[in-house]
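Quick notes on the structure that follows.
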Protein chains: 2
Amino acid sequence: MSTIYDVARLAGVSPKTVSRVLNADGPVGEKTREAVEKAMRELGYVRSNAARMMRAQKSGIIGLITGAISTRNQPSTQQGLPDLFIVQGIQRALETSGMTVMIADTTGRKERVPHLVDTFLSHRVEGLIYVAEYHQEVNLPALPDDTPLVLANCFDSRGTPAVLPDDRRLQADLVRRLIAAGHRRIAFLSLRPDMPAGRLRPLGYRDALAAAELEFDPALLAHVDFDQPEIGPELLWDTIDRMLRLDVPPTVLCCGNDQMAMMVYGILRSMGRKVPDEVGVAGFDNYRAIAETLYPPLTTVDLPYNALGARAGERLLQLISGEGRNGSGPVLVAGPVHWRGSVNELRPENVVTLRNLREEKE
Amino acid sequence: MSTIYDVARLAGVSPKTVSRVLNADGPVGEKTREAVEKAMRELGYVRSNAARMMRAQKSGIIGLITGAISTRNQPSTQQGLPDLFIVQGIQRALETSGMTVMIADTTGRKERVPHLVDTFLSHRVEGLIYVAEYHQEVNLPALPDDTPLVLANCFDSRGTPAVLPDDRRLQADLVRRLIAAGHRRIAFLSLRPDMPAGRLRPLGYRDALAAAELEFDPALLAHVDFDQPEIGPELLWDTIDRMLRLDVPPTVLCCGNDQMAMMVYGILRSMGRKVPDEVGVAGFDNYRAIAETLYPPLTTVDLPYNALGARAGERLLQLISGEGRNGSGPVLVAGPVHWRGSVNELRPENVVTLRNLREEKE
DNA sequence: GCCATGCATGACACCGATGTCATGACACCG
DNA sequence: CGGTGTCATGACATCGGTGTCATGCATGGC
């Protein structure tokens, strides 16, 4: 591959002049510039980043560590593709910054992370973003102080800058919307409580109930480990069966995520229950491949992973440019409710009936 | 960030000796080695790749161009995640080679490819892989001769080394298996014929019919543009409706891919037809998030994108090491049939009945 | 006509690692 | 005891750009 010296020789100028043409810094005569450009074209010259960054002490590279690419073949993917969307958002935020985004994949093995970090440091990345596949706490190896790090979809105990989904608020927004549609008995099939999403979303659910002055009924809240290999579907079936047999059964099933909702569709169908006329279903994530393909399309709340990634990218750029070192706590990201056909807007008379039922029982 | 000189000064040796410790090449005294290692640890030294590769004229980087990450938010993603799996396979094949894989995403804009190629060349990648999201013909800008290129899931007219799915054989394998299960009337809802998959798979379908000496019935083959925005589902409905009304209707619907199969499940349900007892459904891709989650689980054929990627990675390593310059045509990749609950094994009496029906008509 | 000014260009050092060659200290052999 | 080989180490040049400073030439004001 040709160098700046080759170009200089061919154009009959000094290497420095070629450099000036490349970077448009110093003044260059018209004829000289043309000669240089012609020589570059003839040689198919491409500048060496290595040499350049050695002098400049700037790599223009941002490192991205993720399992987005490798973790997809696991037996049953309970998540959507959040990390992928996050990566996408990060790219969008960074593509105008002139930085090159280098993506390293953990190949599904977390223990490779330190190695990947080292590889990135050896490339003298100007910043690092770590993307987790679901909202969780992580513990990365310490970085040298001069390389900024942003955590996306995860957080640590050291207060590293983080961007997180606002699970509590998102769930509250969705439930609030269900209430506005006339629903009063809203079941919530939550995720495992050992993950932040499984803790925060029930809080949001209760926030919304409280705001509407609806009493919280423990019988309508369950944590279901629905993606357990064998028994998951059964657990889900039993839970739903139990809830639908209540004296005042729920009119909507709020699911922990869209994947669970998809499974719930199948179970309800097997039970002979019609969606949405006999019971509504709502999801969480707005994982469009599911939400828009299911019939009827799924009402869900948009956890905008894209935006989350973009925010992480922006945060990192800030840190690199020296702004916003004041670690002002995690950035929380929320998104809109998508109202689709899987939940009925209850007509007033229905609402009244339900209310009566409830009042009769009391 | 500290340099080899800092380490040398702290350890009281020359930079060259530090280099020797780093690369374990020349002989180094025991005490010296320890002193150097201690110094490196104290400074948190990480070698600069830029400087290293300037001398070595080897970057150890392989460039990967793909839309795998960015193209996921399109309104309705008709494909599975093939490109993602391919990328994954490539990474697996390359991770033991000591190469660093740099992934650049097109952000959904093909016209950015030349720019990405340039960025990679400026990093002096030792090889490039271009990954397409579905089997197709592409036309990349020409590369300098000394940088090898491999096309994954696509091909061009210049005979660039390529790795492709063996659509024809895969479809034939699946249909052969259906025939072995006793099915004689097999419908094929193919993809649009303007894509290679839509042309090659019907050939495989007919190969299998011919091998079993079954007559090809044009009424059982349709190209359905099922993911068209509005009318897609209707087209699919009409096609299925027409086929099921035939005098001798099909006992299985072979779908162009798993996504289409998912839609077909919904349509059959709406028609009041039970899967698999009234009609079987088969997919293509083994997109597990769908195939394993649907109820009943989907019989499909595994287009092993992972392996496809791995083959592409291996091919590139060969080219880099100078082997196999003999462009021996594209590498074709196939995979196994996954037999799940969506297709019945017809019992002999059924087979007989069907055969009678057919013979009666003749 | 002289000097200040600005423009176009080049010489040279430097970034950090490593290949080449040289050097000094020993050990071993005849 | 001198010559030769091995080991441990260092001096120096080099990779390909770019920052710094210097130089040569034309222009213009006084």
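Treat the numbers as computed from the prediction; the structure is a model and nothing was measured. Order of the sequence lines fixes the chain letters, A, B, ..., with proteins taken first and strands second; residue numbering starts at 1 for each chain.
- For D:dG16, the OP1/OP2 oxygens have no side-chain nitrogen or oxygen of B:Arg124 closer than 4.0 Å.
- With no hydrogens or angles considered, no side-chain donor-acceptor pair links A:Thr119 and A:Ser122 at under 3.5 Å.
- Residues from residues 19-27 of chain B that place a heavy atom under 4.0 Å from any atom of DNA chain D, listed by number: B:Arg20, B:Pro27.
- Summary of the strand contacts: A:Arg52 and B:Ala51 both lie near DNA chain D, and taking for each the nucleotide with the nearest heavy atom, the more 5' one is attributed to B:Ala51.
- The distance from atom NE2 of A:His123 to atom C1' of C:dG16 is 15 Å, rounded to the nearest whole Å.
- The side chain of B:Tyr5 sits closest to C:dA17 out of C:dC15, D:dT18, C:dA17.
- Between A:Gln57 and C:dC14 there is no side-chain N or O to OP1 or OP2 distance below 4.0 Å.
- For the pair B:Met53 CE and D:dG17 C1', the interatomic distance rounds to 12 Å; values are reported in whole Å.
- Atom NZ in A:Lys58 sits about 15 Å away from atom P in D:dT18, given to the nearest Å.
- Taking 3.5 Å as the limit, the base of C:dG19 and the side chain of B:Lys16 contain a donor-acceptor pair of atoms between them.
- Note: CG (B:Leu43) to P (C:dG16) measures 13 Å, nearest angstrom.
- In terms of position on DNA chain C, the residue among A:Glu30 and B:Tyr45 whose nearest nucleotide sits closer to the 5' end is A:Glu30.
- A donor-acceptor contact shorter than 3.5 Å links the side chain of A:Asn153 to the backbone of A:Ala132.
- Between B:Ser48 and C:dG16 there is no side-chain N or O to OP1 or OP2 distance below 4.0 Å.
- Under the 4.5 Å side-chain criterion, counting only non-hydrogen atoms from C-beta, B:Ile62 is in contact with B:Ile320.
- A:Ser14 has its side chain within reach of A:Thr17: a pair of non-hydrogen atoms, C-beta onward, lies under 4.5 Å apart.
- As rounded to whole Å, 17 Å separates atom P of D:dC7 from atom NZ of B:Lys31.
- You'll find the side chain of A:Leu140 reaches within 4.5 Å of the side chain of A:Leu151, heavy atoms only.
- The pair B:Glu42-B:Lys38 counts as a salt bridge, with a side-chain nitrogen and a carboxylate oxygen less than 4.0 angstrom apart.
- A heavy-atom distance below 4.5 Å is not found between the side chains of B:Thr3 and B:Ser48.
- B:Val13 comes within 4.0 angstrom of sugar-phosphate atoms only, judged by non-hydrogen atoms across all strands, and of no base.
- Remark: P of D:dA8 and CD of B:Glu34 are 14 Å apart, rounded to the nearest angstrom.
- The A:Thr32 side chain lies nearest to C:dA8 when the options are D:dT9, D:dC15, C:dA8.
- By the 4.5 Å heavy-atom criterion applied to side chains, B:His135 and B:Met195 are not counted as neighbours.
- Although no hydrogens or angles enter the test, the distance criterion places a donor-acceptor pair under 3.5 Å between the side chain of A:Arg124 and the main chain of A:Leu121.
- Rounded to whole angstrom, the span from the CE atom of B:Met54 across to the P atom of C:dC15 amounts to 13 Å.
- Stem analysis of DNA chain C (at least three stacked-register Watson-Crick or G-U pairs, each with both distances under 3.5 Å) gives C:1-30 with D:1-30.
- Distance check, rounded to the nearest 0.5 Å: CD1 of B:Ile103 to CD1 of B:Ile129 gives 10.5 Å.
- Rounded to an integer number of Å, the gap from B:Arg55 CZ to D:dC12 C1' is 11 Å.
- Considering only side-chain N and O atoms, B:Thr17 lies under 4.0 angstrom from the phosphate OP1 or OP2 of D:dG10.
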